[in-house]
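So the structure is just underneath, and the comments pick up after that.
Numbers here are sequence positions counted from 1. Values reported hereafter were calculated over all heavy atoms of this structure, with side chains retained and with hydrogens, waters and symmetry mates removed.
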Amino acid sequence: MRGIFSRLATVWRIASPYFRSEDRWPGRLLLAAVIAIELSIVAITVLINEWNNRFYNALQDRNWDAFVYQLGYFCVLATAFILLAVYQLYLNQWLQIRWRRWLTASYLDHWLEGANHYRMQLLGDAADNPDQRISEDIAQFIQLTLGIGLQLLNSCVTLFSFMIILWSLSAAAPLHVFGIGFDIPGYLLWAALIYACIGTALTHLIGRPLIALNFQQQRYEADFRFNLVRVRENSEQIALLDGERAERHRLLMRFGNVVANWLAIMSRQKKLTFFTASYAQASVVFPFVMVSPAYFASAIQLGGLMQTANAFGQVQGALSVFVTLYRNLAEWSAVIERLSGFDASVATARAAAVTPPVIGVATGEGTAISFKDLAVRLPNGVPLVNASDISIGLGERVLVSGPSGAGKSTLFRALAGVWPFGAGTITVPKNARLMILPQRPYFPIAPLAAAVAYPAEPGTFDAARVAELVAAVGLPALASRIEEEAHWNRMLSLGEQQRLGIARALLHAPDYLFLDEATASLDEPAEAALYHLLEQRLGRATIVSIGHRSTLAAFHRRRLAFSREGDRYWVREGSLAPATAGA
């Protein structure tokens, strides 16, 4: 019972914010309309139950006029039922897409806020495949929540409506066993209750493993799809390494998990379907078995028999809702668990950024970036690099060097505010504009002008200005394709991407530019040309470069060197003599 309440609390935590959001009134009105229609459908079901009595009595009495009237009455009820069913589906789907639109935006905000998506990966990301959770699990959650909720509402209202009818019919059609009548108040209701309880208990016993199996199936499907995408994104490297056979084997191994778990689901669903199908077929005749002795004893007419059987079936069906919904409940439970795990992972990543000890990034009134008692650590707490009482002033040219794995790139991440693991303070001048260019730039699938201008909104910069900069960094052939949309990270070589990265920096003109081996894939003359271009067009900006080439010393006037002392590296002032650190 505690698990049920915990699950319902999770559902409320995920679902309720939408109905308190800026879109709450349309959502509430649509939900109210869907519920009102569901209640109206139950009312029509009650009317049809009463119609059964009159219609079959007219047949038994061979009363033509009553028969024709009841057919007309049924047509009216059927027309109302069809209209309600159609508009309930329409309004339900309208509510689903509005709710999904808001919830998707909310999850994207939480995932992308303050580099949470990055820290989730660093912390191990218990929420695997966030793309699936946002794109598929949210849609399934909304669809299943509305579907199951309406079915439960229907069952509850149906149960209370027909309980009264069935109780009264139990008195009109007393239990007959071997020709002897027994006056047991509400015996038909008790029989339906016992029948449904037995079915529910056996269904849960047989189908319970489906919850875990459905959870695993979604995980394996997402993992297989994710690795297919990785093959597509890295097709060049795989082709150059002749890795197709290895990738095929690796993908088939992951698909093997999909198949094995699916076979387990098949086996369990076969057992569950065997029982539920048997239960459903028995439900057809069970009411007649209970009521027919009274009919053959002439205690009730044919209409009373049919009304009683219908009412019994409605009560039994309402009580058996757990049986009929079990597969949906198992799938719903898995979706809830996945979304709850995603929320927990986001919360953990958010807490990692603010729970002391963390690296603080503060704004100051000066014109220099300074590091005060900075101790950068790995997410598991292992010391990495320390920097204390170091400042980088406006307009400086600083070369950062040191062994691979010393923490140079991680220091830049801490400066960007996405690496909170450690202690100390980094002070950044107020209103200063910073840009960090990694070794492998990112370009969205967009027109080239928008891709270079990223993360600015498309149209922020004049296309002619972007084209001029693309030509200036040594890509004149691309300057004429500025409006062409393509997957630039896949189409261009890493050297060409790095040239576009420099064009992006020139376009945004930051006050502080940090280059994390951002020209390492270019030859030395091309690298020198780009540094001359930066010097010419960003003469007042601070440029800090991570690099290993000795030729970079000519473009910088100061060096920060990483040297190992004990269990960590320290950042110290170094000589601008040619670097000797290996790559």
### Query
When you look at Tyr118 and Arg413, which way does the side-chain hydrogen bond (donor to acceptor under 3.5 Å, both in side chains) test go after all the steps?
CA-CA 11 Å; Tyr118 178 64; Arg413 298 182 188 117; 3.1 Å; yes
Between [Y] and [X], is there a side-chain heavy-atom distance shorter than 4.5 Å?
| X | Y | answer |
| --- | --- | --- |
| Asp343 | Ile14 | yes |
| Pro26 | Trp94 | no |
| Tyr18 | Ser21 | yes |
| Trp488 | Leu448 | yes |
| His249 | Met253 | yes |

I need the minimum non-hydrogen distance between [X] and [Y], along with the two atoms involved.
| X | Y | answer |
| --- | --- | --- |
| Met120 | Ser345 | CE-OG, 3.5 Å |
| Pro356 | Val354 | CD-O, 3.3 Å |
| Ala330 | Asn214 | CB-ND2, 3.6 Å |
| Arg119 | Ala349 | NE-O, 3.0 Å |

### ring pair (Phe, Tyr, Trp, His ring centres under 6.0 Å) between Phe286 and Tyr195, intermediate numbers included
CA-CA 9 Å; Phe286 187 69; Tyr195 183 80; 4.6 Å; yes
### Message
What's the separation between atom CZ in Phe5 and atom OG1 in Thr10, rounded to the nearest 0.5 Å?
### Response
13.5 Å
### Task
Sequence neighbours left out, what pairs pass side chain to side chain donor-acceptor pair (under 3.5 Å) with at least one residue falling in residues 73-93?
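Output for this query lists Glu38-Gln88, Asn92-Gln96.
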### Message
Between Asn57 and Asn53, is there a side-chain donor-acceptor contact under 3.5 Å, judged purely by atom types and distance?
### Response
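The answer is yes; a qualifying pair exists.
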### Task
On the 0 to 90° scale, with breaks at 30° and 60°, tag the Trp111-Phe342 ring pair as parallel, tilted or perpendicular.
tilted
#### Entry: Sequence neighbours excluded, every pair satisfying salt bridge (Lys or Arg N to Asp or Glu O under 4.0 Å) that has a member inside residues 137-164
Asp137-Arg338
#### Entry: Short side-chain to backbone donor-acceptor contact, Asn116 and His110, under 3.5 Å
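Side chain of Asn116 to backbone of His110: a pair is present.
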#### Entry: side-chain hydrogen bond (donor to acceptor under 3.5 Å, both in side chains) between Asn52 and Gln307, intermediate numbers included
CA-CA 5 Å; Asn52 271 281; Gln307 182 186 14; over 6 Å; no
